[in-house]
A.B. asks: 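Questions regarding the structure given below will be posed in turn.
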4 protein chains.
Amino acid sequence: MTELGEHRYGKSAIRLVKLVRAPDGHVLRDLTVAVTLEGAFDRAYTAGDNSTVVATDTMKNTVYALAKEGLTASIEDFGLVLAEHFCGEPAVERATIDLREHHWTRLRPGQNAFRRDGEMTRTASVSVGSGGRSVRAGVADLVLMKTEGSSFSGFPRDRFTTLRDADDRIMATRLTGSWRYGEAAVDHEILFATVLETLLDAFAEHTSRSVQETIWIVGRAILERHEDVVEVHLSLPNLHHWIVDLSPFGLANDGEIFVATTEPHGSIEATVRRGA
Amino acid sequence: MTELGEHRYGKSAIRLVKLVRAPDGHVLRDLTVAVTLEGAFDRAYTAGDNSTVVATDTMKNTVYALAKEGLTASIEDFGLVLAEHFCGEPAVERATIDLREHHWTRLRPGQNAFRRDGEMTRTASVSVGSGGRSVRAGVADLVLMKTEGSSFSGFPRDRFTTLRDADDRIMATRLTGSWRYGEAAVDHEILFATVLETLLDAFAEHTSRSVQETIWIVGRAILERHEDVVEVHLSLPNLHHWIVDLSPFGLANDGEIFVATTEPHGSIEATVRRGA
Amino acid sequence: MTELGEHRYGKSAIRLVKLVRAPDGHVLRDLTVAVTLEGAFDRAYTAGDNSTVVATDTMKNTVYALAKEGLTASIEDFGLVLAEHFCGEPAVERATIDLREHHWTRLRPGQNAFRRDGEMTRTASVSVGSGGRSVRAGVADLVLMKTEGSSFSGFPRDRFTTLRDADDRIMATRLTGSWRYGEAAVDHEILFATVLETLLDAFAEHTSRSVQETIWIVGRAILERHEDVVEVHLSLPNLHHWIVDLSPFGLANDGEIFVATTEPHGSIEATVRRGA
Amino acid sequence: MTELGEHRYGKSAIRLVKLVRAPDGHVLRDLTVAVTLEGAFDRAYTAGDNSTVVATDTMKNTVYALAKEGLTASIEDFGLVLAEHFCGEPAVERATIDLREHHWTRLRPGQNAFRRDGEMTRTASVSVGSGGRSVRAGVADLVLMKTEGSSFSGFPRDRFTTLRDADDRIMATRLTGSWRYGEAAVDHEILFATVLETLLDAFAEHTSRSVQETIWIVGRAILERHEDVVEVHLSLPNLHHWIVDLSPFGLANDGEIFVATTEPHGSIEATVRRGA
């Protein structure tokens, strides 16, 4: 006997630009949207019956059409509009909308010309369904470095250990993080900005004895300062910067010249949440 | 009150080439390995206590060192060697090894020169821990196309639906799939090859009324023909090939000229498993 | 005084799939095409005068429309059809067509289902203009490795040199190469296949004292065996495979365990041609 | 007779981070460097004679070693230090150094923590040799958009033309540009910043009748305002934003909702220089 287990489907990489031609300057929104549906689609798999299968092409059309009226505030709010729309389809039990916003900065006052910021991507993941709704905000590809206040020592040594204790190392990462909001109504736009400031504050100010401790300190700071956040997930690759041995060339290297590497890299991720 | 939720860490993108200089020709193994540990590492996060934290640098060293004796058979077997090694560390409750094998083909008989195949990557994910062990084999980046025997029709139409029923469409995908083996001892090398043949057979021979049905048919074929497989997970992006409208140029286009696209794309994934 | 120097424009990344529904099986062609025009377009730059500027959207349409009748043989031949078409536009002095062909292999006899090969991309660059015409064929992303017969020694040593002489090293590369045909009419399809075989033969069979010597030997072999080729250009990054020091773990490593790297890498390129 | 034509070699993707631990705050430099040498290396190709071939590993060491004293000012200045060093090697006739600088911004005053900017990469290409020396500065991956003041009309119409005249379109591009300095001594750091401001000013303020005209206007502005620049090269892909047809959904779309695309894209590049 064979049976269908978990299944989901949707449309990914929907590239949407919305331009609001306001009299005092254009407002530019640039999103990449993915729609994922879960529900009673079993017979599409097992019987070739598409009668409940919302075409992914329809999902794409829906994103563009609803953007006209529905994309006026945050991507979290637009995600809710989309998720609730799709939950109105007969077979749908859960609709999840993943959004990435690419930010643009006006180049010069009075000119409708823009430059895309690239220092990170803002993300949101909104899910609506029978089991309730969930709104997560986050960031991706936020590249950070501490050149002071980072150490790693006291780890166990076995016969394969060659790494030395480091009292003062470079810690560099390409941070991906997201945080889930509770039930209370919030201003997603303001809250995103303030949580991000907290994240950057905590990263800048803390002393780290490991990437693990960094995750804990940053996650806890967000929870402590933002009561609307109930959980934080952080994923921090450890992008190693190795000191170059310059002694063959008769030169000292007192923490000055490094080789930046990406392969291999450490991978540390954890959730920090409000406890019971 | 703040608490630590789920957490894991490890080393990713460990690039390993092993060369066995056999008298009748070199044997080349080319792997990318990731190690992930779960366990009692809480105090590293919450107290900066690294006394149980196996350094990810040690993980890397271990992969290279154990490759010398331990990488003689399949990547699944090497994964087991590594996972069981790391489970010997005090705090570790579960060790997961993800492996990707890049296959090379001998260029000419009698010459130790090779060409890397690129039509797919073989994958394995091996997990050992207190809750038992799991061995998955799989493929990634297997790009497939059916130019006959694929349709999509009978889907619901709402006010955002513009897609027409298609009796005969191109179906193209970049397949990622994996399957989990049961408890019985198996020859991973032989089983991988035969499951892959089944997957390709089923993909080539079936008639598809949706990507969903394709997943079901391919997954079921694997389960039916390979009793050692207990579950199959398939993820098939739908890489649309749209017919180009040549009528403005006075030309017919009877399913002959297509534009291949990647953005947006459908995303369909499901698990097929043995039922009760 | 400011003047316009060299300029060119065109359309890139035109993704074209052509399907010929032959009775004994579909034939699948999958190309990425770029069109580049040079000519008397100065006034578009300096005066905003677009009266001679073939729209790049028109170029795209032309590629799709001409594919119907014009893409029956090799990509070189299709490139010539396109280049000659664009040379018929008033301002055009030179049209260059760059083509990449992605090869697909039939999965099973009798089934119109295919698997994309990924071990390399076939390329062509065809240029037609007032100064004559040029046809180049080539390959990209052909990943090759020699595990025997490669050395590098006798290089100069200065105060920054730490590399040791290597009598027996791994040589790995991601080869990009192209060769130009002379004036004689040739069968591009057959010639591509035989030149590629020569390239692979030479790579497999030769003994290399440097990547430079490899380029010379491979290029010369192509010129010697294929009189229709007048020039070969080869670009071979040197993708280093470093021996892992296993001695801290009490293990020998006699050319068995390597770390594969891509950053940094050597870059060696040269042209080999028929002399006077 | 076979002969060696043009040839060059070097080391690419050398990843260098330099950290200056100044009392009032760390200064972080993050570069990717490539070294390319041309010269009398023929016998390496044709005779396996490596006696003049500076090992690319030595090049890498040299970049790290010279960074200690030589990387104090601009990347152009560091490129000159490196190029002149390599020109001291016996066989070298020309040394070219390509540099990319990844900019980091201090996160918080008083903290040695940084965030990588991603809105562009600063580039330089410095070449020293028997034929003189050349210093180019530039930018890569600068993503810009004009939502007003861009049109494209009056282009020729043939039987493959379907594009309509556009009086008001979105123009988006990922700009790559570089400019060459003359012989006079300049402050590369200041000049880079001011040329970039001119580039952004011109892009923001001009009215464009084509991407071609944009290149001319931007290039001319740089030449007019910066006498030390003798030539500007600009490459502007045209990243099309197509208006989505919302009429099937009973909605107007007056330049509000767009789909952002990357395949296919226009490619326009030109040099603007001082005339006779």
Side-chain angles (χ1 to χ4, degrees), chain B residues 14-21 26 28 30 32 61-62 64-65 67-69 102 104-108 110-120 141-149 170 172 174 200-201 203-205 241 244 246 248-249 251-262, chain C residues 14-21 26 28 30 32 61-62 64-65 67-69 102 104-108 110-120 141-149 170 172 174 200-201 203-205 241 244 246 248-249 251-262:
Chain B
I14 304 170
R15 293 282 296 113
L16 161 68
V17 166
K18 180 173 182 179
L19 184 62
V20 179
R21 300 169 182 270
H26 290 178
L28 181 57
D30 184 353
T32 302
N61 287 347
T62 304
Y64 287 114
K68 192 171 159 74
E69 300 294 333
H102 317 288
W104 295 76
T105 299
R106 186 175 299 280
L107 271 180
R108 296 290 181 263
Q111 300 293 350
N112 287 315
F114 302 86
R115 166 186 185 159
R116 197 165 88 177
D117 302 340
E119 76 276 7
M120 60 163 218
D141 294 329
L142 175 60
V143 183
L144 300 174
M145 193 189 293
K146 283 179 83 71
T147 60
E148 194 177 40
I170 284 184
R174 179 179 289 269
L200 297 176
D201 280 344
F203 185 85
E205 292 161 8
H241 285 64
V244 180
L246 300 180
F249 322 129
L251 297 169
N253 185 6
D254 190 19
E256 192 175 4
I257 305 292
F258 297 84
V259 52
T261 67
T262 56
Chain C
I14 304 169
R15 292 282 295 115
L16 161 67
V17 166
K18 180 173 182 179
L19 184 62
V20 179
R21 299 170 183 269
H26 290 178
L28 181 57
D30 183 353
T32 302
N61 287 347
T62 303
Y64 287 115
K68 193 171 159 74
E69 300 294 333
H102 318 289
W104 295 77
T105 299
R106 186 175 300 279
L107 271 180
R108 296 290 182 262
Q111 300 293 349
N112 287 315
F114 302 85
R115 166 184 185 159
R116 197 164 88 178
D117 302 341
E119 77 275 9
M120 61 164 219
D141 294 329
L142 175 60
V143 182
L144 300 174
M145 193 189 293
K146 283 180 83 72
T147 60
E148 193 177 42
I170 283 183
R174 179 179 289 269
L200 297 175
D201 280 345
F203 185 86
E205 291 162 8
H241 285 65
V244 180
L246 300 180
F249 322 127
L251 297 170
N253 185 6
D254 191 19
E256 190 175 4
I257 305 292
F258 297 84
V259 53
T261 67
T262 56

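Sequence lines set the chain letters: A, B, ... in the order given, protein chains first and strands last, and positions in each chain run from 1.
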A.B. asks: Counting only non-hydrogen atoms closer than 4.5 Å, does C/F249 touch chain B with its backbone (N, CA, C, O), its side chain (CB onward), both, or neither?
C.D. replies: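 Contact with chain B involves the side chain of C/F249 alone.
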A.B. asks: Mind ranking B/G149, B/G255, B/A67 by heavy-atom pairs under 4.5 Å with chain C and telling me who comes out on top?
C.D. replies: B/G255
A.B. asks: So what's closer than 4.5 Å to chain C heavy atoms on B/L246: side chain, backbone, both or neither?
C.D. replies: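 Side chain only.
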A.B. asks: Could you give the distance from CG (C/D117) to CE (B/M120), rounded to the nearest 0.5 Å?
C.D. replies: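 These two atoms lie 12.5 Å from each other.
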A.B. asks: Which one of B/E69, B/R108, B/H26 has the most heavy-atom pairs closer than 4.5 Å to chain C?
C.D. replies: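 Highest number of pairs under 4.5 Å: B/R108.
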A.B. asks: Could you tell me whether a side-chain N or O of B/R115 sits under 3.5 Å from a main-chain N or O of C/L200, the two making a donor and an acceptor?
C.D. replies: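 No, B/R115 side chain to C/L200 backbone: no donor-acceptor pair under 3.5 Å.
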A.B. asks: Out of curiosity, B/E119 CD to C/T105 OG1, how far, rounded to the nearest 0.5 Å?
C.D. replies: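 Reported to 0.5 Å precision, the distance equals 8.0 Å.
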A.B. asks: Is there a side-chain contact between C/R174 and B/R116, using heavy atoms and a 4.5 Å cut-off?
C.D. replies: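 They are in contact (side-chain heavy atoms under 4.5 Å apart), so the answer is yes.
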A.B. asks: Got a second to check how far B/I170's CD1 is from C/F114's CZ, nearest 0.5 Å?
C.D. replies: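 It comes to 9.5 Å.
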A.B. asks: So for C/D141, is it side chain, backbone, both, or neither that comes closer than 4.5 Å to the heavy atoms of chain B?
C.D. replies: neither
A.B. asks: In the structure I gave you, are the side-chain heavy atoms of C/T261 and B/R15 within less than 4.5 Å of one another anywhere?
C.D. replies: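 No, too far: nothing below the 4.5 Å cut-off.
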A.B. asks: Taking C/L251, C/T147, C/L16, C/L144 one by one, which has the highest count of heavy-atom pairs under 4.5 Å against chain B?
C.D. replies: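 The candidate making the most pairs under 4.5 Å is C/T147.
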A.B. asks: Where on B/I14 is there a heavy atom nearer than 4.5 Å to chain C: the side chain, the backbone, both, or neither?
C.D. replies: neither
A.B. asks: Please determine, among C/D201, C/V20, C/L28, C/D30, the option with the most heavy-atom pairs under 4.5 Å with chain B.
C.D. replies: C/D201
A.B. asks: B/V259 versus chain C, heavy atoms under 4.5 Å apart: side chain, backbone, both or neither?
C.D. replies: both
A.B. asks: Please round to the nearest 0.5 Å and tell me the distance separating atom CZ of C/F258 and atom CG of B/L19.
C.D. replies: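 Nearest 0.5 Å value for the CZ-CG distance: 5.5 Å.
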A.B. asks: Of all of B/A204, B/A65, B/A113, B/P248, which one pairs up most often with chain C through heavy atoms under 4.5 Å apart?
C.D. replies: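 Max contact count across the listed options: B/A204.
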A.B. asks: For the pair C/W104 and B/V143, evaluate side chain to side chain contact (heavy atoms under 4.5 Å, CB included) and give the outcome as yes or no after the intermediate values.
C.D. replies: CA-CA 9 Å; C/W104 295 77; B/V143 183; 3.5 Å; yes
A.B. asks: Less than 4.0 angstrom from a charged side-chain N to a carboxylate O is my criterion; do B/E256 and C/K68 meet it?
C.D. replies: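 C/K68 and B/E256: salt-bridged.
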A.B. asks: Mind listing the closest non-hydrogen atom pair of B/D254 and C/R21 along with its distance?
C.D. replies: O-NE, 3.8 Å
A.B. asks: Could you state the interatomic distance from CG (B/L107) to NZ (C/K146), rounded to the nearest 0.5 Å?
C.D. replies: 8.5 Å
